[in-house]
Novice: 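First, the structure itself, so that you have it in front of you.
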Amino acid sequence: MALFKPKPNVSVANAQLKIPDHIAIIMDGNGRWAKRRLMPRAAGHKTGMNTVKKIATAASDLGVKVLTLYAFSTENWSRPNDEVNFLMQLPVDFFSEFVPDLIKNNIRVQIIGNIDGLPQSTRKAVQNAIVQTAQGSGMILNFALNYGGQIEIVEATKKLAQQVADGKISPDDINGDLFSQALQTASLGELAAPDLMIRTSGELRLSNFMPYQAAYAELYFTNVLWPDFTADDLLQAVTAFTLRDRRFGGLNDKYESES
Ligand code: FPP
């Protein structure tokens with residue numbers, strides 16, 4: 001976590017803001033946003049994609065190191081075909097428009113989820129974006145696409161079980177570090193665990209999003225629908241995070257000094 005260094009295009013009242021290293025967002029409410037406007041759900045997703053652009057830039061300007069966005073879950077395949085097809089086209093549109101800005105902002109794209117299960121055009125767009133932004137030394141923009149937290153844990157367990165069966169490790173070697181290395185967030189190393197988890201639209205659940213990594217995440221729920229979510233809303237979430245007392249199961253300084 002870093003203290004906030006203001007950049008010209010971000011206005012903050014409090015220079016002592018604590019910036020989470022890793023923010024994860026469940027981008028919810030696209031459908032309701034569209035419904036309230038008597039528009040098709042796709043219009044909500046399209047506007048939601050534009051919000052991704054704004055929030056990725058704002059997070060990068062704040063000094064966030066990893067921004068993980070839940071773009072498509074393993075459960076989202078059960079939506080009507082038209083909607084699934086539209087959602088699968090969004091990364092193609094997003095990267096074709098936004099990669100130059102990502103490069104300019106030094107942002108690097110990564111992905112978690114089962115990329116092999118994506119349609120070829122989506123997979124190619126994502127793979128190209130990863131290659132095109134690979135030199136970025138700033139924020140990692142990590143898309144969770146065709147991602148499910150439970151299947152991630154199951155797959156990690158299988159991987160480790162196979163290593164035991166092959167005689168490469170013994171069951172006693174399995175610890176938190178080894179398990180983390182078997183998860184899809186392995187390449188994020190020490191940054192794999194979100195410090196702050198945001199969900200928009202008023203729903204109060206985590207919906208299979210990073211259940212292992214988010215064990216100690218601070219949770220922030222807002223009624224704002226994702227297409228309406230702004231850089232100011234992000235700043236409010238970070239302000240709330242700044243005021244949280246994170247103890248990770250221990251005691252804070254106040255109690256420690258009393259003992
Ligand atoms: C949940 O809202 C949102 C999704 C399932 C899709 C999220 C995708 C985006 C915001 C765009 C992603 C952009 C890129 C670049 C990949 P919902 O449809 O469940 O909304 P509802 O609960 O109001 O119906």
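Positions are given from 1, in the same order as the sequence printed here. Both ligands and their constituent atoms are indexed starting at 1 by order of listing.
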Novice: Write out the residue and atom name of the closest protein heavy atom to atom 22 (O) of ligand 1, then the distance separating them to 0.1 Å.
Specialist: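 Checking every protein heavy atom, the shortest distance to atom 22 (O) of ligand 1 gives R32 NH2, 3.0 Å.
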Novice: Record the part of L145 in heavy-atom contact with ligand 1 below 4.0 Å; permitted values are side chain, backbone, both and neither.
Specialist: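 Neither part.
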Novice: With only distance considered, is G31 within less than 3.5 Å of ligand 1 through an N or O on each side?
Specialist: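 Indeed, backbone or side chain, G31 has an N or O that close.
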Novice: Name the closest protein heavy atom to atom 9 (C) of ligand 1, giving the residue it belongs to and the distance to 0.1 Å.
Specialist: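 Protein heavy atom with the smallest distance to atom 9 (C) of ligand 1: N30 ND2, 3.7 Å.
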Novice: Would you please name every residue forming a side chain to side chain contact (heavy atoms under 4.5 Å, CB included) with R32, sequence neighbours left out?
Specialist: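 Result, side chain to side chain contact (heavy atoms under 4.5 Å, CB included) vs R32: D28, S201, E203, L225.
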Novice: Does any N/O atom on R41 come nearer than 3.5 Å to any N/O atom on ligand 1?
Specialist: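 Such a contact does occur with ligand 1.
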Novice: On the 0 to 90° scale, with breaks at 30° and 60°, tag the Y216-F248 ring pair as parallel, tilted or perpendicular.
Specialist: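 Judged by the thresholds at 30° and 60°, the geometry between Y216 and F248 is tilted.
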Novice: Please enumerate all residues that pass side chain to side chain contact (heavy atoms under 4.5 Å, CB included) together with A34, with sequence neighbours excluded.
Specialist: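 Side chain to side chain contact (heavy atoms under 4.5 Å, CB included) list for A34, sorted by chain: M39.
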Novice: Could you tell me if any non-hydrogen atom of G29 lies under 4.0 Å from any atom of ligand 1?
Specialist: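 Contact present.
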Novice: For ligand 1, which atoms have a heavy atom of L87 less than 4.0 angstrom away?
Specialist: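 In order of numbering, the contacting atoms are 6 (C).
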Novice: What is the closest protein heavy atom to atom 14 (C) of ligand 1, and at what distance does it sit?
Specialist: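 Here the closest protein heavy atom is F143 CE2, 4.1 Å.
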Novice: Cation-pi check for W33 against R37: NZ or CZ below 6.0 Å from the six-membered ring centre and within 45 degrees of the axis, yes or no?
Specialist: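 Verdict for W33: a cation-pi partner in R37.
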Novice: Among side-chain atoms of T230 and D233, is any donor-acceptor pair under 3.5 angstrom?
Specialist: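 T230 vs D233: donor-acceptor pair found between side chains.
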Novice: So do the side chains of R41 and R79 get within less than 4.5 Å of each other, counting heavy atoms only?
Specialist: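 The answer is yes; the side chains approach within 4.5 Å.
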Novice: Taking a cutoff of less than 4.0 Å between a non-hydrogen atom of the residue and any ligand atom, is K35 in contact with ligand 1?
Specialist: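 No, that is not the case, since the closest heavy atom of the residue is not under 4.0 Å from the ligand.
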Novice: Closest non-hydrogen protein atom to atom 1 (C) of ligand 1, residue and atom name please, with distance?
Specialist: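 So the nearest neighbour among protein heavy atoms is M27 O, 3.3 Å.
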Novice: Using heavy atoms and a threshold below 4.0 Å, how should the contact between R79 and ligand 1 be classified: side chain, backbone, both, or neither?
Specialist: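 Side chain only.
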Novice: Any idea which atoms of ligand 1 are less than 4.0 Å away from a heavy-atom of F94?
Specialist: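 Near F94, the atoms of ligand 1 are 15 (C).
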Novice: So, applying side-chain contact (heavy atoms from CB on, under 4.5 Å) with V66, which one of L191, D195, L141 is it?
Specialist: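 Going through L191, D195, L141 one by one, the side-chain contact (heavy atoms from CB on, under 4.5 Å) with V66 is satisfied by L191 alone.
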Novice: Can you tell me how far apart CZ (F72) and CG (N114) are? Round to the nearest 0.5 Å.
Specialist: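 So the gap between those two atoms works out to 11.5 Å.
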Novice: Evaluate D177 against S180 for side chain to side chain donor-acceptor pair (under 3.5 Å), listing each step before the verdict.
Specialist: CA-CA 5 Å; D177 280 346; S180 297; 5.4 Å; no
Novice: What protein heavy atom is closest to atom 11 (C) of ligand 1, reported as residue, atom name and distance in Å?
Specialist: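 Here the closest protein heavy atom is L90 CD1, 3.7 Å.
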Novice: So which protein heavy atom does atom 13 (C) of ligand 1 come closest to, and at what separation?
Specialist: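 Atom 13 (C) of ligand 1 sits closest to the protein heavy atom V52 CG2, 4.0 Å.
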Novice: With respect to R199, which candidate in F209, W226, Y70, F221 satisfies the side-chain contact (heavy atoms from CB on, under 4.5 Å) definition?
Specialist: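 Exactly one candidate clears the test, F221.
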Novice: Return a yes/no value for N76: is any of its N or O atoms, backbone included, closer than 3.5 angstrom to an N or O of ligand 1?
Specialist: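 In fact, backbone or side chain, N76 has no N or O that close.
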Novice: I would like to know whether M139 and L67 meet side chain to side chain contact (heavy atoms under 4.5 Å, CB included); could you show each step before the answer?
Specialist: CA-CA 7 Å; M139 188 181 83; L67 177 67; 3.9 Å; yes
Novice: Around atom 8 (C) of ligand 1, find the nearest protein heavy atom and jot down its residue, atom name and distance.
Specialist: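 The closest heavy atom on the protein side is A71 O, 3.7 Å.
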Novice: Does ligand 1 have a heavy atom under 4.0 Å from the side chain of W226, from its backbone, from both, or from neither?
Specialist: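 W226 to ligand 1: side-chain contact only, backbone stays beyond 4.0 Å.
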